Protein chains: 2
Amino acid sequence: MSPEEHPVPPPTPAKKTRLSRELVLSAALALVDSEGLDALTMRRLGQQLGRDPMSLYRYADNRAALLDGVSELVLNELAIIPDDPDWQAQLRRIAHDLRLLALRHPNVVPLLVTRPLSTPLGLRPLGTLRPLEQILSLLIDAGFAPVDALHVYRAYYGYLYGHILNELQEFVVDPDENEALLRLGLHRLPPKDFPRLRALAPVLADYDGMAELDEGINILLSGLAAHLPLPGASAKP
Amino acid sequence: MSPEEHPVPPPTPAKKTRLSRELVLSAALALVDSEGLDALTMRRLGQQLGRDPMSLYRYADNRAALLDGVSELVLNELAIIPDDPDWQAQLRRIAHDLRLLALRHPNVVPLLVTRPLSTPLGLRPLGTLRPLEQILSLLIDAGFAPVDALHVYRAYYGYLYGHILNELQEFVVDPDENEALLRLGLHRLPPKDFPRLRALAPVLADYDGMAELDEGINILLSGLAAHLPLPGASAKP
DNA sequence: GCCTACAGTCTACATTGTAGAGAAGTTGTT
DNA sequence: AACAACTTCTCTACAATGTAGACTGTAGGC
């Protein structure tokens, strides 16, 4: 979508700037954003920076580390203010922000979701652990016991990521088509086996991701608040 | 590691059986389960089947299609009984089943989560759409309006996938270590920046994924039931 | 000047997916 | 049995990838 968000001269490399980790990573992110994960090869990135591919290894141990760096860079765009007294409002805001972040960098989402599956907590890029730490902080400062804060975090973040995946999966295949079935490519499904899905095509076609996210978060947060010893409010079973 | 010889039919020399899609896919799944996604190369899989790598292209158009096939195969292990009258119980059961499926095939989870992001709904392997269709069916049969069924599905499945990702991410790095910090590798985190996370190490180290999932699902389902025009009575925990 | 440290480059190689032509095997028809 | 029309499997080949290792350049301190 957007052509340029990062300080990168892709076609006209300003020949002799000294490279830096930030430069490399933001060029990598730009490449991923504009052409997808597969386009991020060492050679391509080197070319983008006007440098030999091998020079990149000064700034990332290998391709996997490069991917981790990109994840980290993206997650750093997420602002968390840990001393907001209204934890629910804060979590709602973060959810919206993260959703927008994902929509802005859809090609990075697979990384965000996948890389932690192959890296133990303690070995992850610190930037990717920051949201966890800060949300825990937020909740504990709001009065939750640490154990309960962890529960809230898990339910919240789990749902949040799940929603983002959901929303990104339901993308429209052909926006010019005005028949809902065709827009989503659902006409290929055998009507006998997928009657419900096909019938829901019009509803699927206009999906308000933000509202949906909000509703889920609300249900979850108020449910959690009702089940746990609460800091502020008072609903008690 | 073990040294590998090339001209050798290594573990499964089922020499002269005719290949079939099922055979190929289940060999692929076995390979992924035992050695991870990266081990699934055409050559390796061919070797595993005692066939030339090129023969595989008869059963999958390319590597991506092979991955899709593996996803499908795994999702087919999930049983959904669409005419259960108790929709909440059914959804709870499916959630537990899917969780166990994910624990049984952790290396496939990245596929389940990632492949749909690059394939429009209508072009996905039918097997991966079956759960969606059947859960919609289940909900509509239980009395939900189709639009509401979709809402419930999205919140439910979103949370479910989110939880699975969460749980798989928090794996233990060194099970022999009895100090919680070390078990999770958290000792590498700078104490100044990650006090909460480090303090929670003991809690993190013993994580009851099933209970956590159950609690989230309960909150979500009862919350949804309360917000939507309901078929039966509401289930109260 | 020379020395050391670091940044970037060059060459080389093993591994990957897969195109294209052909061989081997199977099945149907006579 | 013989042939033909298939399907299935194999061989060869190639371009692209990540990255090891040795090398070249450059910047600053003495």
Side-chain angles (χ1 to χ4, degrees), chain A residues 8-10 12-29 31-32 35-71 107 110-111 114-115 118-119, chain B residues 1-10 12-28 31-32 35-71 107 110-111 114-115 118-119:
Chain A
V8 156
T12 326
K15 263 307 188 186
K16 280 304 139 189
T17 340
R18 181 98 122 274
L19 244 38
S20 71
R21 181 146 218 265
E22 289 65 38
L23 257 177
V24 170
L25 290 183
S26 49
L29 175 56
L31 199 51
V32 170
E35 304 190 37
L37 272 182
D38 290 344
L40 181 55
T41 70
M42 302 311 257
R43 286 167 225 263
R44 191 83 162 63
L45 182 55
Q47 177 184 331
Q48 210 73 200
L49 290 162
R51 287 304 190 317
D52 187 280
M54 277 299 150
S55 67
L56 304 174
Y57 287 88
R58 279 288 143 191
Y59 306 97
D61 281 353
N62 48 44
R63 184 164 185 270
L66 203 69
L67 296 178
D68 278 338
V70 171
S71 292
N107 296 332
L111 287 187
T114 278
R115 296 282 320 148
S118 41
T119 326
Chain B
M1 314 284 207
S2 66
E4 274 304 299
E5 283 303 314
H6 242 263
V8 142
T12 323
K15 257 313 194 186
K16 280 303 137 187
T17 339
R18 181 99 121 278
L19 244 38
S20 71
R21 181 147 220 268
E22 289 66 37
L23 256 176
V24 170
L25 290 183
S26 50
L31 199 51
V32 171
E35 304 191 36
L37 272 181
D38 290 344
L40 181 55
T41 71
M42 302 311 257
R43 286 168 226 263
R44 191 82 163 62
L45 182 54
Q47 179 183 329
Q48 210 76 199
L49 289 162
R51 287 304 189 320
D52 187 281
M54 278 297 137
S55 65
L56 304 174
Y57 286 88
R58 199 74 35 187
Y59 305 98
D61 282 353
N62 48 43
R63 184 165 186 269
L66 203 69
L67 296 178
D68 278 337
V70 172
S71 292
N107 296 333
L111 287 187
T114 279
R115 296 283 319 149
S118 41
T119 326

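Treat the numbers as computed from the prediction; the structure is a model and nothing was measured. Sequence lines set the chain letters: A, B, ... in the order given, protein chains first and strands last, and positions in each chain run from 1.
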Task: Side-chain heavy atoms of B:Arg51 within contact of B:Leu19, under 4.5 Å - done: yes
TODO: Please report, rounded to the nearest Å, how far the P atom of D:dT19 is from the CG atom of A:Leu45.
DONE: 13 Å
Open item on the list: What is the distance, to the nearest angstrom, from the CG atom on B:Leu56 to the P atom on D:dC9?
Closed with: 9 Å
- [ ] Calculate the interatomic distance between B:Arg51 atom CZ and C:dA23 atom C1'; express it in whole Å.
- [x] 15 Å
Task: With sequence neighbours excluded, residues passing salt bridge (charged side-chain N to carboxylate O under 4.0 Å, His left out) with A:Arg21 - done: none
Open item on the list: Applying side-chain contact (heavy atoms from CB on, under 4.5 Å), can you list everything that pairs with A:Thr41, at least two apart in sequence or on another chain?
Closed with: A:Arg43, A:Arg44
Please write out each protein N/O paired with an N/O of nucleotides 16-18 of chain C under 3.5 Å, distance rounded to 0.1 Å.
unit_1: C:dG17; atom_1: OP1; unit_2: B:Arg63; atom_2: NE; d: 3.1
unit_1: C:dG17; atom_1: OP2; unit_2: B:Met42; atom_2: N; d: 3.1
unit_1: C:dG17; atom_1: N7; unit_2: B:Arg43; atom_2: NH2; d: 2.4
unit_1: C:dG17; atom_1: O6; unit_2: B:Arg43; atom_2: NH2; d: 2.5
unit_1: C:dT18; atom_1: OP2; unit_2: B:Tyr57; atom_2: OH; d: 3.0
unit_1: C:dT18; atom_1: OP2; unit_2: B:Arg63; atom_2: N; d: 2.9
unit_1: C:dT18; atom_1: O5'; unit_2: B:Tyr57; atom_2: OH; d: 3.4

Task: side-chain hydrogen bond (donor to acceptor under 3.5 Å, both in side chains) pairs, two or more places apart, involving residues 54-67 of chain B - done: none
Task: Side chain proximity check, A:Met42 to A:Leu66, heavy atoms < 4.5 angstrom - done: yes
Task: Rounded distance in Å - CG (A:Asp52) to P (D:dA22) - done: 17 Å
Task: Pairing residues for A:Glu22 by the side chain to side chain donor-acceptor pair (under 3.5 Å) criterion, not counting sequence neighbours - done: none
Task: Partners meeting side-chain contact (heavy atoms from CB on, under 4.5 Å) with B:Ser118 (sequence neighbours left out) - done: B:Arg115
Task: Under 4.0 Å protein heavy-atom contacts per nucleotide of nucleotides 23-29 of chain D, with B for base, S for backbone only and - for none - done: -------
- [ ] List in chain and number order the residues that pass side-chain contact (heavy atoms from CB on, under 4.5 Å) with A:Leu37, two or more places apart in sequence or in another chain; answer none if no residue qualifies.
- [x] A:Val32, A:Leu67, A:Pro110, A:Leu111
Task: Nearest-nucleotide pick for A:Tyr59, side chain only, options being D:dC9, D:dT10, C:dA7 - done: C:dA7
TODO: Find the distance A:Gln47:CD to D:dT17:C1' and express it as a whole number of Å.
DONE: 14 Å
